[in-house]
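Comments concern the structure below.
Just so it is clear, the structure is predicted and the values come from calculations on it, not from any experiment. All ligand and atom numbering here is 1-based and tracks the order in the structure.
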Amino acid sequence: MLTTVAAGPYTIRGISVGGVYTSLAVPELGVLFDAGAPPRSNAALDTILLSHGHVDHIGSLPALLGIRALQGKTRPPRVVMPAEIVGELSAALEAIARLQRWPLAIEPIGMAPGDEIALRGDLRVRAVRTFHPVPSLGYVIVRRISKLRPELLGLSGPEVAARRRAGEDVTTSEERIELAYATDTLASALDHAPDLLRARVLIVECTFLDERKSLADARAGCHIHLDEIVERADRFENEHIVMMHFSQIYRPDEIAGVLDARVPPALRRRIIPFVPVGTSWPG
Ligand SMILES: [Zn+2]
Ligand SMILES: [Zn+2]
């Protein structure tokens, strides 16, 4: 039932069908993006990043929390989401907890575009603006790397150590965008948040692929059409682009062919369609 792809050093494991359900784990980073499906193997992750409150992205959160409890995890997961929906999501979970007479605890964290929180080690999560009819966010995961200050590069190890002992700050910090996630948005999110285009791995929706859905209709629903990816083909600096949230009007086994026919080769080589093997979507 789950799809797994490798994008550089990262594994993306989960399920995604536009409007039906989307939930993707990246185990190397310890994060789950969205909670539209409750696969058992994704329930133990301690940080859940919710893009928005549509049910195909949050509908299975109570089930994931229940499975997590069954797995013996007692600490509530951190659930990151647009700040505007913290009250409503918490109230919804409380209602279900009352219904089942069993708690469904989370540590809710509301974010606005530009906000950052620590993830683990040298990794941080930053929220970026996306454009959908409801409050929504994309996320980038950045790694802060400290490097020797360039003017000290010619010094030997012991010389640098001596300067450090003398109290000099010998390092400078730089950030690398490891992975980004943007779904359920107008394509203009890619223009407003260039971090998305610079991430080593970009996970991005492309709900509609060809004339079976017009560009105007895709925009009316605040979703990305492949026309808009092709239009920006030269601007993606990503090593890998995991494309997902495809509409079920396309069969999973025809998507790679549509991409081959429509996307310039230099970009197509980097696109990994997140689809199951075979002719039908799971479920
Ligand atoms: Zn969706
Ligand atoms: Zn949506």
Side-chain angles (χ1 to χ4, degrees), residues 1-3 5 12-26 31-39 42 48-64 79-89 92 110-113 127-140 179-190 192-193 196 202-210 212-229 241-252 255 271-276 281-283:
M1 163 188 174
L2 295 189
T3 297
V5 302
I12 292 103
R13 179 183 72 210
I15 184 166
S16 177
V17 186
V20 179
Y21 32 46
T22 289
S23 188
L24 304 180
V26 184
V31 298
L32 180 65
F33 292 104
D34 282 326
N42 288 352
I48 303 173
L49 302 164
L50 299 178
S51 60
H52 66 301
H54 279 160
V55 79
D56 59 316
H57 296 259
I58 58 140
S60 291
L61 182 59
L64 279 166
V79 180
V80 179
M81 67 193 95
E84 301 93 319
I85 69 169
V86 170
E88 288 153 340
L89 188 84
M111 288 178 92
V128 299
R129 190 180 296 285
T130 54
F131 301 93
H132 208 47
V134 296
S136 64
L137 287 177
Y139 298 99
V140 298
L179 186 133
Y181 178 77
T183 190
D184 291 57
T185 181
L186 292 171
S188 55
L190 299 167
H192 289 275
L196 298 173
L202 170 64
I203 304 174
V204 66
E205 76 133 299
C206 189
T207 308
F208 301 109
L209 297 171
D210 59 21
R212 279 171 273 180
K213 185 85 165 184
S214 72
L215 178 54
D217 284 350
R219 282 187 180 154
C222 292
H223 284 295
I224 297 178
H225 193 287
L226 186 60
D227 289 6
E228 298 168 297
I229 300 283
I241 300 167
V242 177
M243 219 172 240
M244 50 112 213
H245 199 273
F246 297 112
S247 165
Q248 57 186 337
I249 63 175
Y250 314 104
R251 282 194 337 261
I255 287 172
I271 296 178
I272 304 166
F274 191 83
V275 291
W281 294 104

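Checked against side-chain contact (heavy atoms from CB on, under 4.5 Å), V275 has the following partners two or more places apart in sequence or in another chain: F246, P252, I255, P273, W281. Every side-chain contact (heavy atoms from CB on, under 4.5 Å) that S188 has, sequence neighbours left out, goes to F131, L186, D191, H192. Listed by chain and number, the residues in a side-chain contact (heavy atoms from CB on, under 4.5 Å) with I58 are L50, L89 (sequence neighbours excluded).
Legend: protein N/O/S atoms lying under 2.8 Å from the Zn ion (ligand 2), waters omitted, number 4.
Note: M243 CE to T207 OG1 = 10.5 Å, rounded to the nearest 0.5 Å.
For the pair A218 and H225, the tightest heavy-atom approach, listed with the atom from each and the gap, is CB-CB, 3.9 Å.
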- Decide yes or no on side chain to side chain donor-acceptor pair (under 3.5 Å) for D184 and H54, but give the supporting numbers first. CA-CA 9 Å; D184 291 57; H54 279 160; 4.5 Å; no
